[in-house]
Amino acid sequence: MRLKRVQIFGFKTFADKTTLDLDGDFTAVIGPNGCGKSNIVDAIMWGLGEPNARALRAQTSQDVIFSGSATRKPVGFAEVTLIFDNEDGTLGLDLPEVSVTRRLSRNGNSEYFINKRPCRQRDFFELFADSGLGRAGYAIVGQKEIDAALAASAEDRRAWIDEAA
Amino acid sequence: MRLKRVQIFGFKTFADKTTLDLDGDFTAVIGPNGCGKSNIVDAIMWGLGEPNARALRAQTSQDVIFSGSATRKPVGFAEVTLIFDNEDGTLGLDLPEVSVTRRLSRNGNSEYFINKRPCRQRDFFELFADSGLGRAGYAIVGQKEIDAALAASAEDRRAWIDEAA
Amino acid sequence: TRDRFMSTFERLQLAFADTFQRMFGGGEASLSLSDPDDVLATGVQVEVTIPGKRRQRLELLSGGERAMSACAFLFAILRVKPSPLVVLDEVDAPLDGRNVERFIEMLKEAAQEIQFIVITHNPVTIEAAPTWFGVTMESGSGVTTVLPYRVPAQLIQEVIPEAQ
Amino acid sequence: TRDRFMSTFERLQLAFADTFQRMFGGGEASLSLSDPDDVLATGVQVEVTIPGKRRQRLELLSGGERAMSACAFLFAILRVKPSPLVVLDEVDAPLDGRNVERFIEMLKEAAQEIQFIVITHNPVTIEAAPTWFGVTMESGSGVTTVLPYRVPAQLIQEVIPEAQ
Ligand SMILES: Nc1ncnc2c1ncn2[C@@H]1O[C@H](COP(=O)(O)OP(=O)(O)OP(=O)(O)O)[C@@H](O)[C@H]1O
Ligand SMILES: Nc1ncnc2c1ncn2[C@@H]1O[C@H](COP(=O)(O)OP(=O)(O)OP(=O)(O)O)[C@@H](O)[C@H]1O
Ligand SMILES: [Mg+2]
Ligand SMILES: [Mg+2]
């Protein structure tokens, strides 16, 4: 399974619809401070169904909707679509390509789609459950995770191994 | 008051006696990972009397004594001497130059010297109390302090202002 | 179950001992059970020896040594249980030139099986990546623009002025 | 005492508003009392507006924006209460090229009154410093060697291979 394409609109600083085609196995993301690189990471996590606002540096879930800038008005919803190459069938479905979409409106209304068909949040989670991309499965590693890995108690480390087992 | 010279022996990776002459107002310290740059910072803090081993990444106070390497035996004590230009009289004493020395032996014996004369730990603290270099006075800022400054509660920040007042 | 934990643990032990040596060009690292008789409740301890130095608690390591050790541990976990997608956000920031090169070598090898997205300001890492995304923001707009992956030289220079 | 706290607080407010604008080339920052009627117990809140963006909680800022805001705060505190010696350990690690230059400008100005020791891997910072110490370790010795401050070109290249 491979992430082929990411489409972002209304999420954090993505007030303009943005499409990212991920071709290679090793893609570098570069740019000045504050321009949206870590926000792309947040978008992918959110697009995979991350329920915890704090994991995305936010306090409330609506914090991830573009709240305006000096020159732009806020927008009414955030939407992220992730498109996977599923040739190896890792994602439960019998399709060569699988897309998932998550949308959150400012009024709090949450929507989930698999291959453009509406579904429930738990269908979303189930889709990724065995893929290694569910919850702890995708590895997002920043400075905090590095420090946590080393400062972790012996018990925490044991828990990781349980997860990997 | 200005720190003119630092002499380090037996402290962390300084198994060889090391002298640093600090000429300028803005000195850059550079070198590969793990070669001792942050250890110099720890040596200055320790030389100023830092009582808390954890502030120096250590668990017990003797952790700061060079404990050997693949090619060297451990040493029996750590010693740091700091020499200050005191032309402006900031350090309580009426001398143009003031040196302080701290020594710790592996058996736990602690010694303090001001201008090569033995003194008590509290004389050490008193010397720096009004200089702005006592305890919170010297500003050591690394990544942790940066994150702490921003994550600090409103109450913590108020405490800093009280200290600066 | 006990057997499954032990088998995973032993594979991780071997993997970590290897990834650590390759990240550091030597040295030793080990994982051990704090309570080998109680496999269902035991914790897991880490000890490392940086080449040329003595075995040391993790807290006494330098910033760069800690980052390298944590990356070695991550690469070991990925060998035991590959994640399809791994995102690294500026983990190379504390590394010196030589360590970045060793880190990149491990990364390229792991990238044969795993998809990596690596956010970085480091010129060595950027040089080594086959594909780049330039992410930028029009001054004062507050809105992200992502450039297609042939990044114009000007953006690179804005990010790394010394790479001229 | 109440008056002393308020006078320090007000000086810090002015200083921070200024240092922030100079670090970011614009924008706004403010300190406020969470409880202005209870000066003896009140906390102090921080709000910042990055140029071009909206006023934002500190947690939503990027890594580089946080480092720059914290440095602006540090420089403001130093204006109100100068410390004779300030040591910065790799605080420039998360900064891009342009932000490092603005940071260095503030640093040079503060260095007229205060003695700074700056640990860095960043070529722009190294370039700007009038004095350097090269710190190194013979491979495998575990013992630090400090080189006198004209650092040989070879050590610089080992640290920053791209600065050739
Ligand atoms: N909901 C939102 N609406 C508008 N702007 C937002 C929102 N959430 C976050 N931001 C802005 O996004 C910016 C952070 O972006 P991001 O963390 O992606 O930067 P970055 O490219 O990773 O930078 P760095 O190199 O400093 O880490 C901040 O300026 C923040 O104010
Ligand atoms: N008591 C001791 N005896 C011997 N070695 C020690 C002792 N205490 C610390 N060390 C060693 O000092 C090294 C850390 O040095 P230091 O933190 O100064 O590195 P650094 O130059 O700041 O590197 P970086 O660029 O990675 O931050 C570690 O390898 C650690 O094992
Ligand atoms: Mg970032
Ligand atoms: Mg260090």
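A, B, ... follow the sequence lines: proteins, then strands. Residue 1 opens every chain. Scope of the values below: all heavy atoms of this structure, side chains included, with no hydrogens, waters or symmetry mates.
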Which portion of C/Leu60 sits near chain B, non-hydrogen atoms under 4.5 angstrom
both
Which bit of C/Pro94 comes within less than 4.5 Å of chain B, counting heavy atoms only: side chain, backbone, both or neither?
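Answer is backbone: N, CA, C or O of C/Pro94 sit under 4.5 Å from chain B.
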Enumerate, including both backbone and side-chain atoms, all donor-acceptor pairs under 3.5 Å from chain B to chain C.
{"from": "B/Asn33", "atom 1": "N", "to": "C/Asp96", "atom 2": "OD2", "distance (Å)": "2.5"}
{"from": "B/Asn33", "atom 1": "OD1", "to": "C/Asp96", "atom 2": "N", "distance (Å)": "2.8"}
{"from": "B/Asn33", "atom 1": "OD1", "to": "C/Asn99", "atom 2": "ND2", "distance (Å)": "2.8"}
{"from": "B/Asn33", "atom 1": "ND2", "to": "C/Pro94", "atom 2": "O", "distance (Å)": "2.9"}
{"from": "B/Gly34", "atom 1": "N", "to": "C/Ser62", "atom 2": "OG", "distance (Å)": "3.3"}
{"from": "B/Gly34", "atom 1": "O", "to": "C/Lys53", "atom 2": "NZ", "distance (Å)": "2.7"}
{"from": "B/Arg57", "atom 1": "NH1", "to": "C/Leu61", "atom 2": "O", "distance (Å)": "3.2"}
{"from": "B/Gln59", "atom 1": "OE1", "to": "C/Arg57", "atom 2": "NH1", "distance (Å)": "3.4"}
{"from": "B/Asp63", "atom 1": "OD1", "to": "C/Arg57", "atom 2": "NH2", "distance (Å)": "3.2"}
{"from": "B/Asp63", "atom 1": "OD2", "to": "C/Arg57", "atom 2": "NH2", "distance (Å)": "2.7"}
{"from": "B/Ser67", "atom 1": "O", "to": "C/Arg54", "atom 2": "NE", "distance (Å)": "3.2"}
{"from": "B/Ser67", "atom 1": "O", "to": "C/Arg54", "atom 2": "NH1", "distance (Å)": "2.2"}
{"from": "B/Ala70", "atom 1": "N", "to": "C/Gly52", "atom 2": "O", "distance (Å)": "3.0"}

Can you list the residues that meet the salt bridge (Lys or Arg N to Asp or Glu O under 4.0 Å) rule with B/Arg5, with sequence neighbours excluded?
B/Asp21
More than 12 heavy atoms of other groups within 6.0 Å of B/Asp88 CG:
yes
